[in-house]
Structure formats: structure tokens, C-alpha cells
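Taking it in order: structure first as C-alpha cells, then the write-up.
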Amino acid sequence: MKKNFAKRFFIFGIIFLTIFTITLTSCSSSNKVKPLNQNAKNYEISGENGSYMFYSFGKNFFNDNKNALSLTFGKVNKSTEVTVAFLFETDFKGSKLISKLPSRNTCNVLLSSDADYSKIDFGILQETKDSIKGFLVYSENPLVLQEITTVKAALGFDKNYKNQNDEGNENQEKAIFWYGFGPNGGTILSENPSFLDFSDAKVLALNSEKPKYEISFRDNNEDLGELGFQNKVKINYGKETLVIRRSPNQAPVNLYPERFQAGFGKLTITENSEMLESFVCYFEEKTNDFEPILVDPYLIIDWDEKTWRNPNFEVYAWEQFPNILIFDTLNYAVQDDLLKRMAFFTEKEGFRGRLAADEEIKDLHGFNAHDYRAETLAAFFDLAEKENFPLNQMEKDLRSLLEDAKIIIKTETGYEKGEGAIISISKESPRYLRAQFIAHEGVHGIYFVDEEFRNLVDVIYDIIDTKSLQFLQGFFASQPSLGYDPNDPYLMRNELMAYLLQQSVAGIPGYFAENLAWRGTVNKAIPELAKYVRDTKAQGFVDAANVLEGFLFSKYGLAAGRVSLTSVE
């Protein structure tokens, strides 16, 4: 067979077949299949002139919601193009294949010689499984088929595939390349694919499932780049361009079709495709209304609330810091129900450490965005339980969610801190503020969970230009709506850090010297300090922010004004 026949659609010429009715024994298979020619009986193609293996399925080959044929091939001596296709009821006359097979969908893959094993999964529609009677494999080069089984369908590629069933298996440490296709088949003829088609995702998902994309990256420190010149992977997806910045020890990127205009479809990796280790669309069980969605913070900013599981708020988990939960509320009223009492308990002068009744704070301003560490959350709910305080339903839901996430832990004596933190923004904030709030609250979250970062902030607080620090403290005191307790050193250090990092370092002079230092309330309260910040163009803040930004970049790939690695253009 000529190479150009290994296309998505093809027509077989006259094929002379010898029928075998034995069951595979040498090739590992969890289901019965029958080889239909000599190559299939030997589980290999040994020549270099192109040849086939043909198999038929036994009864109930696809079962238990496993809707993909999975084939494992041994190591190839050189890169080899392989074609896989299904055989249908109409391809058989009795127990024998007809001599001329019509066109059909195929999977076409270039198997890499770098792989110890290669796997190809070919998904089916459940309603057509009874008409699928077997499969074929075509290769122009020698090829050994080592396993035939069924799995749950997934789409994409993975250069470092780890089978969850391989725990303790000697093959677990070997290089396994995986390729997954849907019923329409597809083509991946590069070791660094730059084009992927996920159109089949919408027909493979069961009613109880939702598709999810996961992207992982090779571990290469040189991929990071430098601050200001950070390397990126760019992906065109419909009318949107997804930009993923590289970071040290990068966590997988999680994408959800409901967040993107294209939903399901074709995408092109336009920059640095070689940095990708995997790009997979798989199908997970739909979660309850309070199971956090793992995602990069930036993608939350434009997430359509019409897709929320709860009409009042959605809850996410930060993929780089999964124990930091992010709440996005429909409006400020919902956010107040959820966190206003917490704000007064945590930070407001005259209220800190006690539970204020609704009537006491109903006319007072909380915050338009929030951040709280595990210690604070545990203390709040512990006190509420001990005082039998009447929490509202939103606060009760929050408590349950925090318990599930183990951010707070219920014990026989009350609530204790677990690991993590929460931050919150609202849809009522304009978009530019939502972006700024994500940055501001995001660095608070990192401060809560990273002791090394907190220690650095302590150092900066102690050595920062004295007048610059006094200006910020004076600004806090001059804004009644903030209500920060100046006697809380943890709060003061935390807020200094967040105000420094909520915008780019280049934007600091504009924010401090040209904005805050000109406010009437600030000039009235601290005129000399305001003039100092204007005259120095906020250089004291710039110097401190540069140090903090350097830490965030070297450890996480983040920067001042940007706590996200993923963005959409």
C-alpha cells in the first residue's frame, strides 16, 4: 500500500485474506479478538513495503462505558506512520472480509522512535458500537502490536503518558507516547503537533460528564526566559488567542469549553509547540455546585456567569495554588452576604476579633474584594459555633465548602486551621477593576500560603524608605472606607505588599505619585508625605516592588500586576 493511502479517508484495493479463528495469546488483551491474516496472527508487520493487520472483535468488546479502542505498539527503529481504522458489519460477508473495503475515517499517527511504547486510542459513538466488528492497522515499516484493549475515550496527545494501572509496573518509567482520537479520526504526523481537532468532544461526553482540556509542559528551565522576556506558548482557538507563559515547575493548565467562544473545535499552536508535553481533552464527571473549578485566575475575569453552577456565585481553585479558592459573586450584595461579616471580624478597626450583628454593619462598607487565610477563617467559624451565632445561609455554605477543601478542620473542640486561603471578586466591579482585584487579592493569597514570600515581605517592610512607608500608612488612615487596623502588623505588611504588586512596576509612579498623592483626603491628612512621594516619583515603592517581583518571577513565573500565567487575546 502506498504512503498516500494513510490518509483520513482512503479506499482499499483488492485484498486477499486468510481467515484465522484463534484467540490472541501473545498480545495482551483484556477482550477477545480474532486475527484475520498472518500479520495479525504474529501481532506484527515485519516488512518495509507496507502491510496490514486485520482483527475482528468478539462479543461485547466495548462495554462498561469504555468507548475507545486502545492499541499499544512497541518501539520502532525509525519514525513510522501508522494508520488505524475500524471494520464494520458491512465489511464482512459471513465471517470473511470482503475483498474491497470502502472509504472510512482513520487515525494517522507518526510514531516516534524516541518512544519505548506508543498508544493510539480511537473513540466510538456508543450508539454505533454494535455495528463495529473489528479494526485494521497499516504501516509501511516494521511494527509490533503489544496490547489491544478498551478505555474511556480522550482526545489529543501526551509524550509522557502514565497509565494509572501501571503503578509498580516496570514499564511505568519508560517513554510512552499517547494519541487519542474521536469517531471522526484525525492526523498527527509530528512529534510536536501544532494542529489539534477537538470537534468530537461534544459527541463523546456522556450526559453525566463534561469535557475538560489539560495542557502540560516539558520540564526545562531554559523555557522560562527572563523577566520582561518570558517565553510563551500561543494557541489560536476560534477567534481567540490563548497565551500561556512558562514558569518554573509549571502546573498543568486547565481549560473549559464553556469559557471560550469556540467551545469545541480546531486549534492551532502557533508558538513554541515543542514546549508542550501533552494537550488532552478528557471527560470528567460533572461536579456539585460547590466543587471548585481548577483554573488560572485570569480566565475567571471574563467567565460568563450564565454558565455558573450556582446563580449567586462560582467557586474556583487556583491551579498553581490549589488550596487557594477564588469566589466570583454576582454582585456586591451577594459578596456581602458571603464575606462582609468576615471582613469586619478580620480587619476593621473596632470590630476585629468579634462577630458583628447584621444591624450593626448593614450601613457600613465592607470591601469590594476580599482575602482571608486559613487561621482567620477557622477563628471566625470557631467563634460562631462557640457563641451559637446566627450565621446566614451564605456563610453556612462557605463553612461547608471550606471544610470540604480542608482549609478549616472540624474537631471535637471546634474549628482549627487547615491549609490554604480564599480570595473574592464580584461581577459588579468593572472589568479593569476585576483584573486589578485579581492581582491585588492574588498576591495576598500567595502571602498566606508561602512562608518564604512572607519572610521577604517582612524584610522589605523593615528596610523600605521610611517616608514612603509613612505615606502609605497615612493613606490607609485617611480612607475611612478601608478601616484597616493600624495596630495589626501582619495586616500592615500584607497590605504594603499588595499595594506594591497590584500593578506593574512601571505603573507604580502613576498610581502612587500621580494618583494617591494628589487625592484631597490624602493631601489634607499628610501633605508633606504626599509631596515627598510626588517629588521622588514614588521611587521608594519602585525599589521595594522590584525585589518582590524578582522573587515571584523566579519562583512562580509571575510578575507585578500579573498573578496569572494564562491570558486570552
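Reckoned from all heavy atoms, side chains included, excluding hydrogens, waters and symmetry mates.
- Listed for the Lys152 side chain is no donor-acceptor partner under 3.5 Å among the backbone atoms of Phe283.
- Residue pairs meeting the salt bridge (charged side-chain N to carboxylate O under 4.0 Å, His left out) criterion with at least one member in residues 555-569, sequence neighbours excluded, are Asp450-Lys555, Glu452-Lys555.
- Checked for salt-bridge contact, Lys133 and Asp91 miss the test: no charged N lies under 4.0 Å from a carboxylate O.
- Salt-bridge formation is not detected for the pair Glu222/Arg246: no Lys NZ or Arg NE/NH1/NH2 atom is positioned less than 4.0 Å from an Asp or Glu carboxylate oxygen.
- Relative orientation of the His444 and Phe448 rings is parallel, given thresholds of 30° and 60° on the angle between their planes.
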Apply ring pair (Phe, Tyr, Trp, His ring centres under 6.0 Å) to Phe453 and Phe551, showing your working. CA-CA 8 Å; Phe453 185 50; Phe551 175 91; 5.4 Å; yes
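- Sparse packing is recorded around CG of Asn249, with 12 or fewer heavy atoms of other residues, nucleotides or ligands lying under 6.0 Å away.
- Among all heavy-atom pairs drawn from Pro322 and Leu294, the shortest one is CB-CD1, 4.3 Å.
- Using a 4.5 Å heavy-atom cutoff, the side chains of Glu209 and Glu284 are not in contact.
- In this structure, Gln320 and Leu558 have side chains that are in contact, with non-hydrogen atoms separated by less than 4.5 Å.
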Run the side chain to side chain donor-acceptor pair (under 3.5 Å) check on Ser216 and Ser278 step by step: do they pass? CA-CA 5 Å; Ser216 65; Ser278 69; 2.4 Å; yes
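- More than 12 heavy atoms of other residues, nucleotides or ligands lie within 6.0 Å of CD in Glu285, so this atom counts as buried by the packing criterion.
- Sparse packing is recorded around CG of Asp219, with 12 or fewer heavy atoms of other residues, nucleotides or ligands lying under 6.0 Å away.
- At least one side-chain heavy atom of Leu204 sits under 4.5 Å from a side-chain heavy atom of Leu155.
- Looking at Asp328 and Arg434, a side-chain N of the basic residue comes within less than 4.0 Å of a carboxylate O on the acidic one, giving a salt bridge.
- In this structure, the separation between CZ on Phe290 and CG on Asn310 is 5.5 Å, given to the nearest 0.5 Å.
- Counting heavy atoms from C-beta on, the side chains of Ile438 and Tyr298 never come closer than 4.5 Å.
- Atom CD of Glu419 sits in a sparse spot, with 12 or fewer heavy atoms from other residues, nucleotides or ligands closer than 6.0 Å.
- Paired with Arg309 under the rule salt bridge (charged side-chain N to carboxylate O under 4.0 Å, His left out), one option of Glu258, Glu314, Glu291 passes, and it is Glu314.
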Evaluate the ring pair (Phe, Tyr, Trp, His ring centres under 6.0 Å) criterion for residues Phe86 and Phe122: first the C-alpha distance (whole Å), next the side-chain angles of each, then the deciding distance (0.1 Å), finally the verdict. CA-CA 9 Å; Phe86 285 118; Phe122 197 169; 4.5 Å; yes
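- Around atom CD of Glu127, more than 12 heavy atoms belonging to other residues, nucleotides or ligands sit under 6.0 Å away.
- With contacts defined as side-chain heavy-atom distances shorter than 4.5 Å, the pair Trp318/Val563 qualifies.
- Annotation: the span from Tyr55 atom OH to Leu36 atom CG amounts to 9.0 Å, rounded to 0.5 Å.
- Of the inter-residue distances, the one linking Ser190 atom OG with Leu110 atom CG reads 7.5 Å to the nearest 0.5 angstrom.
- Side-chain atoms of Ser273 and Asn192 include no donor-acceptor pair closer than 3.5 Å.
- Classification of the Phe57-Phe61 ring pair by plane angle, with boundaries at 30° and 60°, yields parallel.
- Donor-acceptor pairing under 3.5 Å is recorded for the side chains of Ser564 and Asp296.
- For the pair Asn77 (side chain) and Ser113 (backbone), a donor-acceptor distance under 3.5 Å is absent.
- Considering only heavy atoms from C-beta on, Lys212 comes within 4.5 Å of Asn254 through its side chain.
- Nearest heavy atoms, Ser112 versus Val76: O-CG2, 3.8 Å.
- No hydrogens or angles considered: nothing links the side chains of Asn141 and Ser139 as a donor-acceptor pair under 3.5 Å.
- The shortest non-hydrogen separation linking Ala369 to Glu441 is CB-OE2, 3.3 Å.
- Residues Leu548 and Leu456 are in side-chain contact: their nearest non-hydrogen atoms beyond the backbone lie under 4.5 Å apart.
- At a threshold of 4.0 Å, the pair Lys159-Glu277 does not count as salt-bridged, since none of the basic side-chain nitrogens sits closer than that to a carboxylate oxygen.
- Taking the six-membered ring for Trp and thresholds of 30 and 60 degrees, Phe54 and Tyr52 have nearly parallel ring planes, at less than 30 degrees apart.
- Remark: Leu242 CG to Ile215 CD1 distance equals 6.0 Å, nearest 0.5 Å.
- Between the side chain of Glu140 and the backbone N or O of Glu81 there is no donor-acceptor pair closer than 3.5 Å.
- Judged by distance alone, the side chains of Lys119 and Thr72 do bring a donor and an acceptor atom under 3.5 Å apart.
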Side chain to side chain donor-acceptor pair (under 3.5 Å) for Asn108 and Thr106? Distances and angles first, verdict last. CA-CA 6 Å; Asn108 308 298; Thr106 67; 3.1 Å; yes
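- Note: Phe313 and Phe327 have tilted aromatic rings, judged against thresholds of 30 and 60 degrees for the angle between ring planes.
- Side chains of Lys129 and Asn63: no donor on one and acceptor on the other come within 3.5 Å.
- For the 3.5 Å distance criterion, the side chains of Asp200 and Asn184 qualify, holding a donor opposite an acceptor.
- One finds the CG atom of Leu224 at 9.5 Å from the CE atom of Met275 (value rounded to the nearest 0.5 Å).
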The test is salt bridge (charged side-chain N to carboxylate O under 4.0 Å, His left out); show your working for Asp302 and Arg431 and say whether it passes. CA-CA 8 Å; Asp302 295 311; Arg431 190 188 185 284; 2.7 Å; yes
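- In this structure, the side chains of Val568 and Arg259 come closer than 4.5 Å at one or more pairs of heavy atoms.
- For residues 202-257, every residue pair satisfying the ring pair (Phe, Tyr, Trp, His ring centres under 6.0 Å) rule, not counting sequence neighbours, is listed here: Phe198-Tyr213, Tyr237-Phe260, Tyr256-Trp303.
- No more than 12 heavy atoms of other residues, nucleotides or ligands shown are found within 6.0 angstrom of NZ on Lys66.
- Note that CG of Leu276 and OG of Ser194 are 10.5 Å apart. Values are rounded to the nearest 0.5 Å.
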